[in-house]
Amino acid sequence: MDTSSIQPLQPPRGMNDVLPSQVAAWQRLESIARELFATYGYREIRVPIVEHTALFKRSIGELTDIVQKEMFTFQDPGGDSLTLRPEATAGIVRAMISNGLLHNQKQRVWCAGPMFRYEKPQRGRFRQFHQIDVEAFGYAGPDIDAELIMLSARLLKRLGIERLELNLNSLGTLESRKVYREALVRYFSAHKSKLDADSLRRLEGNPLRILDSKNPEMQEVIAGAPVLTEYLDEPSRQHFNGLLRHLDAVGIKYVVNPRLVRGLDYYTHTVFEWLTNELGSQGAVCSGGRYDGLVAQLGGKSTPAIGWALGEERLIELIEVQHGAQPQEAPDVYFVISGTQAEAVGLTLAERLRDELPAVRIETHCGGGSFKSQMKRADQSGARFALVLGDSEAERQVVGLKSLRIEAPQVELAWADAAAELRKRLTEG
RNA sequence: GUGGGCGUAGCUCAGCUGGUAGAGCCCCGGAUUGUGAUUCCGGCCGUCGUGGGUUCGAAUCCCAUCGCUCACCCCA
């Protein structure tokens with residue numbers, strides 16, 4: 001049924017507007033990230049928001065929750081099945097292969113933008129959400145694992161985020177993981193009577209996730225299950241220990257969590273998550289891992305790779321929880337224009353000032369109104385100064401300059417002198 | 001997909017056992033005949049989420065439905 005006629009106009013469920021009052025926090029996050037990535041030698045890549053459905057099925061895994069029930073999939077007018085990207089890695093890997101960027105080359109890239117998953121929205125979980133994503137291709141050793149984690153740690157620190165816990169684990173090679181998975185299925189199948197409904201379902205698709213269960217009645221069976229660490233081969237162990245040594249050396253604290261498995265099939269070796277307990281139930285703020293098999297699996301030349309993604313909405317909310325809201329950007333000058341003669345020349349004067357002061361933020365009052373209401377607006381804008389143009393000033397070709405943040409007498413300036421005086425006062429701090 | 005809580009003005013909310021909708025904030029104007037505090041006065045603002053039922057009468061009771069939200073699940 002069409003409910004649009006009886007419901008107020010709303011965005012699609014789980015998709016949010018970022019309002020002018022919130023945008024400062026987004027810009028701060030994105031600009032800090034962009035500057036930091038450049039200092040580590042990572043370059044931006046931009047890829048489509050839509051890809052062929054098969055790309056996500058083959059990379060994320062047919063049996064994962066994301067592919068089975070969370071994708072926005074549709075047919076284009078030509079009959080192709082396309083999907084709104086539920087995560088960034090698949091598209092970036094595809095772009096690497098499509099453009100031949102991995103041919104005897106290493107790549108360090110980052111990407112930011114919206115992702116889409118058809119989930120039931122709740123705190124920290126939306127149908128359209130935004131990630132900042134970092135990937136490195138062609139590096140096999142644990143040094144790049146360490147670099148990527150150091151990069152994430154520095155970014156989180158620079159954003160002012162506190163009290164995060166870094167969880168780490170190694171899944172080993174695809175082969176060792178496969179052997180372990182079979183052992184788990186054997187174990188849990190032998191204890192089927194003790195499994196709850198969720199775990200029985202996972203037994204078919206993703207038995208590793210049974211280890212994650214929060215059901216208290218499950219803890220006993222889980223405690224007796226085989227441990228992944230015991231199935232790691234020697235090279236996997238060495239890789240993981242190498243990573244830990246690098247992290248120890250720079251003093252990054254971590255917790256090795258053998259239960260950390262991640263929900264995407266392509267991960268191998270290192271996986272990690274930065275966790276908070278200050279956002280309700282969606283505690284993962286940044287997470288990622290190595291995916292050495294994915295490039296080859298998608299048809300590229302076999303290339304080791306690793307990456308992580310952080311959730312912008314979650315990070316912004318966490319910053320707000322810990323430090324309060326980001327103040328909005330204020331103009332430098334609020335230009336009060338009152339009276340018919342003033343209105344006739346006000347915009348022209350403002351344009352002249354902008355010619356001479358290209359970096360100064362001048363907000364002109366449009367739409368008339370009393371001096372009182374315009375001054376009130378000037379105050380609320382957060383501007384340091386008000387320029388005051390009434391009919392009497394317009395007649396004499398002068399403009400009033402009033403300091404709004406400190407006690408100081410209002411002065412009158414000839415139009416020709418206004419820009420120079422403003423420049424002087426604004427640089428005085 | 002499952003469960004809990006909640007839908008009244010742009011925002012935050014009041015409205016008891018049914019009697020026909022209110023406050024504060026915001027915004028505009030005035031007191032202050034051209035200047036951002038406070039105070040005071042006035043003004044603006046409502047399909048009481050939607051549909052149906054009970055009733056002389058429903059924001060209030062009943063049913064359905066939609067939406068929001070939190071948790072499970074999943075994950076950034």
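Just so it is clear, the model here is predicted, and its values are computed rather than measured. By convention in this document, chain letters (A, B, ...) are assigned in the order of the sequence lines, proteins followed by strands, and residues within each chain are numbered from 1. Worth knowing before you read on, the calculation uses all heavy atoms, side chains too, and leaves out hydrogens, waters and symmetry mates.
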Taking atom types as modelled, is there a side-chain donor on A:Trp274 or A:Ser152 under 3.5 Å from an acceptor on the other?
yes

Examine the side chains of A:Gln297 and A:Ser59 and answer whether a donor and an acceptor come within less than 3.5 Å of each other.
no

What do the steps show when you test A:Trp110 against A:Phe37 for ring-ring contact (aromatic ring centres under 6.0 Å, His included), and what is the final call?
CA-CA 8 Å; A:Trp110 66 273; A:Phe37 295 154; 5.3 Å; yes

Note: for A:Lys120 and A:Arg125 on RNA chain B, the residue whose nearest nucleotide lies more 5' is A:Lys120

Distance check: side-chain N/O of A:Gln122 vs OP1/OP2 of B:A71, anything under 4.0 Å?
yes

Given side-chain contact (heavy atoms from CB on, under 4.5 Å), test A:Trp415 with A:Leu349 step by step and report yes or no.
CA-CA 8 Å; A:Trp415 288 356; A:Leu349 178 54; 3.7 Å; yes

Could you write nucleotides 24-39 of chain B as a row of B, S and -, 5' to 3', where a protein heavy atom under 4.0 Å of any base atom gives B, of only sugar-phosphate atoms gives S, and otherwise -?
---SSS----BBB---

What nucleic acid atoms does A:Gly124 come within less than 4.0 Å of, heavy atoms only: base, sugar-phosphate, or nothing?
base

Would you mind classifying the nucleic acid contact of A:Glu70 as base, sugar-phosphate or nothing, using non-hydrogen atoms under 4.0 angstrom?
sugar-phosphate

Classify A:Phe126 by what it touches in the nucleic acid, base, sugar-phosphate, or nothing, heavy-atom distance under 4.0 Å.
base

A:Tyr267 versus A:Arg177, side-chain donor and acceptor atoms under 3.5 Å
no

Any donor-acceptor pair under 3.5 Å linking the side-chain atoms of A:Tyr42 with those of A:Glu147?
yes

Can a side chain N or O of A:Arg13 be found less than 4.0 Å away from OP1 or OP2 on B:C68?
yes

Checking all strands, does A:Arg123 fall into the base, sugar-phosphate, or nothing category for heavy-atom contacts under 4.0 angstrom?
sugar-phosphate

Which dot-bracket string describes RNA chain B (Watson-Crick N1-N3 plus N6-O4 or O6-N4, or G-U N1-O2 and O6-N3, all under 3.5 Å; [ ] crossing; | other strand)?
(((((((..((((.....[..)))).(((((.......))))).....(((((..]....))))))))))))....

Is the positively charged end of A:Lys106 above the ring of A:Phe137, judged by distance under 6.0 angstrom from the centroid and angle within 45° of the axis?
no

What distance, rounded to whole Å, do you find between the two C1' atoms, one in B:A37 and one in B:C75?
50 Å

If we count only N and O atoms by modelled type, under 3.5 Å, do the side chains of A:Arg396 and A:Ser392 hold a donor and an acceptor together?
yes

The criterion is side-chain contact (heavy atoms from CB on, under 4.5 Å); which residues satisfy it with A:Gln68, sequence neighbours excluded?
A:Leu63

If you assign each of A:Lys69 and A:Arg127 to its closest nucleotide in RNA chain B, which residue comes earlier from the 5' end?
A:Lys69

